[in-house]
Amino acid sequence: MEPKVIKRIGVLTSGGDSPGMNAAIRAAVRTGFYYNIEMFGIYRGYEGMIHNEIKKLDSKNIAHVLERGGTFLKSARSEEFRTPEGRQKAYENLRSHGIDALVVIGGDGSLTGAHLFYKEFGIPAVGLPGTIDNDLSGTDSTIGFDTACNTAIQAIDKIRDTATSHDRLFFVEVMGRDAGFIAINAGIGSAAAAILIPEKKMPVEELVEKLKVRTKAKKTSNIVIVAEGGKSGGAAEIASKVKKYLPYYDIKVTILGHLQRGGAPSSFDRLLASKLGVAAVEGLLHGKYDVMAGLINHKVVYTPIKKAIVDDKTVDEDDFRVAKILST
Ligand code: F6P
């Protein structure tokens with residue numbers, strides 16, 4: 001497509017925050033300045049677009065944000081943006097600031113919003129994959145996923161200390177909505193006894209057998225990682241089912257929850273966010289609209305948003321095989 005002349009770009013973060021969003025905003029804004037573009041922050045995602053929470057950014061706004069978790073632009077999930085009236089209001093606010101294009105950082109819901117907005121109003125947008133869940137196609141890793149895995153692993157290491165002291169069995173629930181990426185990574189990285197993910201059903205009897213074998217092998221502690229969103233229930237539910245089979249076990253449950261969303265981004269996420277922030281603005285300048293910028297094999301790739309949000313990225317079978325070998 002012949003690139004439009006772009007003079008003003010709005011940047012927003014939307015949906016669940018993820019470590020590295022600030023680094024991505026900074027990179028997009030600095031790239032805009034590099035190409036003499038005026039950059040605007042749209043606060044609180046699409047909700048802020050509807051309520052005109054839009055401010056011109058200068059270099060002070062993006063000083064010392066790269067290393068901080070969260071998003072200084074704030075984030076929200078907007079019900080109103082799902083309505084045509086809400087999107088119309090948002091469009092009028094963008095026009096009143098003369099914003100010609102958008103960089104949207106978020107997960108599948110946020111990118112769907114950008115796609116709709118492009119279809120309805122022709123506002124060019126490049127999406128960046130900002131979610132700890134890693135559930136977007138068109139990128140090997142989403143911004144925040146690596147940090148979330150590191151955070152989960154560090155927490156599980158601590159649980160391991162106390163689990164070993166007391167010969168206990170722990171069920172640790174990790175985030176990921178309906179995807180098991182954090183669970184499989186954190187599970188392999190923390191020597192879990194078993195990993196339960198939504199994509200692969202493990203009957204409770206199989207899990208119990210596995211734990212029995214480990215007990216015979218005199219493993220002093222057992223940690224089972226449970227991805228939230230599994231059909232067999234969360235960590236608490238599975239723990240109570242297992243307790244019926246193994247009543248002699250001292251079982252504890254820990255839900256890691258939102259601590260996985262916070263904290264300073266890892267070096268990997270800082271680099272990923274920085275590269276993609278540059279790619280977002282350069283993509284817009286080169287006429288790449290309605291796409292998500294991702295990194296595949298270390299190279300920037302632009303994938304149509306419609307394709308990126310289709311739920312076809314699945315946990316690698318080989319990761320599952322590795323986890324099985326290492327926990328036997
Ligand atoms: O999408 C990121 C995520 O942290 C999921 O892993 C989790 O299911 C969800 O968001 C939690 O959302 P909220 O912060 O709105 O409770």
Side-chain angles (χ1 to χ4, degrees), residues 12-25 43-48 69-82 104-114 127-139 141-156 171-187 189 195-199 225-238 253-266 269 272-273 276 292 294 305 308-315:
L12 65 99
T13 48
S14 156
D17 62 349
S18 69
M21 278 185 163
N22 276 326
I25 301 166
Y43 289 75
R44 293 193 314 115
Y46 293 114
E47 197 61 14
T71 158
F72 82 89
L73 289 180
K74 300 190 174 288
S75 194
R77 302 191 197 274
S78 175
E79 280 309 314
E80 206 180 343
F81 195 77
R82 292 178 193 273
V104 174
I105 308 164
D108 53 358
S110 314
L111 300 192
T112 304
L128 294 186
T131 166
I132 62 165
D133 299 340
N134 200 30
D135 58 349
L136 288 163
S137 300
T139 191
S141 185
T142 55
I143 298 166
F145 170 64
D146 180 68
T147 309
C149 289
N150 286 326
T151 303
I153 286 173
Q154 281 161 16
I156 299 163
F171 286 81
V172 180
E173 185 174 301
V174 297
M175 275 188 169
R177 202 179 293 277
D178 44 19
F181 293 100
I182 297 178
I184 199 89
N185 275 34
I195 305 166
L196 307 187
I197 59 169
E199 297 89 334
I225 306 298
V226 183
E228 65 170 0
K231 290 204 175 57
S232 351
E237 217 176 315
I238 293 170
V253 174
T254 304
I255 296 171
L256 296 186
H258 285 81
L259 73 82
Q260 294 158 100
R261 287 246 296 265
S266 63
D269 276 328
L272 175 67
L276 294 184
M292 185 196 84
I305 287 180
I309 58 180
V310 171
D311 212 5
D312 64 355
K313 183 169 170 188
T314 50
V315 169

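Note that ligands are numbered from 1 as they come in the structure, with each ligand's atoms numbered from 1 the same way. The structure presented is a predicted model; accordingly, all values stated were derived computationally and were not measured. For reference, positions follow the sequence shown, starting with 1.
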Checklist entry - Is any side-chain heavy atom of Ile132 closer than 4.5 Å to a side-chain heavy atom of Pro19? => result yes

Next on the checklist: In the structure I gave you, are the side-chain heavy atoms of Ile182 and Phe145 within less than 4.5 Å of one another anywhere?
Outcome noted: yes

Next on the checklist: Please determine whether side chain to side chain contact (heavy atoms under 4.5 Å, CB included) holds for the pair Val172 and Leu256, giving the CA-CA distance in whole Å, both sets of side-chain angles, and the decisive distance to 0.1 Å.
Outcome noted: CA-CA 7 Å; Val172 180; Leu256 296 186; 3.7 Å; yes

Next on the checklist: Tell me whether Ile132 has any N or O atom under 3.5 angstrom from an N or O of ligand 1.
Outcome noted: no

Next on the checklist: Determine whether Val104 and Tyr46 satisfy the following criterion, side chain to side chain contact (heavy atoms under 4.5 Å, CB included), listing intermediate values before the conclusion.
Outcome noted: CA-CA 10 Å; Val104 174; Tyr46 293 114; 3.4 Å; yes

Item to check | Stepwise side chain to side chain contact (heavy atoms under 4.5 Å, CB included) check, Val315 with Phe181 | outcome: CA-CA 6 Å; Val315 169; Phe181 293 100; 4.0 Å; yes

Next on the checklist: I need the nearest protein heavy-atom contact for atom 12 (O) of ligand 1: residue, atom name and distance, please.
Outcome noted: Arg77 NH2, 3.0 Å

Checklist entry - What residue and heavy atom of the protein are closest to atom 9 (C) of ligand 1, and at what distance? => result Arg177 NH2, 3.7 Å

Checklist entry - With a 4.0 Å heavy-atom cut-off (strictly under), which part of Gln260 contacts ligand 1: side chain, backbone, both or neither? => result neither

Checklist entry - Which is closest to atom 10 (O) of ligand 1 in terms of heavy atoms, Met175, Glu228, His258, Arg261? => result Arg261

Next on the checklist: For atom 6 (O) of ligand 1, tell me which residue out of Asp17, Thr131, Asp133 has the closest non-hydrogen atom.
Outcome noted: Asp133

Next on the checklist: Can you tell me if Gly176 contacts ligand 1 (heavy atom of the residue under 4.0 Å from the ligand)?
Outcome noted: yes

Checklist entry - Would you call the rings of Tyr43 and Phe72 parallel, tilted or perpendicular if under 30° counts as parallel and over 60° as perpendicular? => result perpendicular

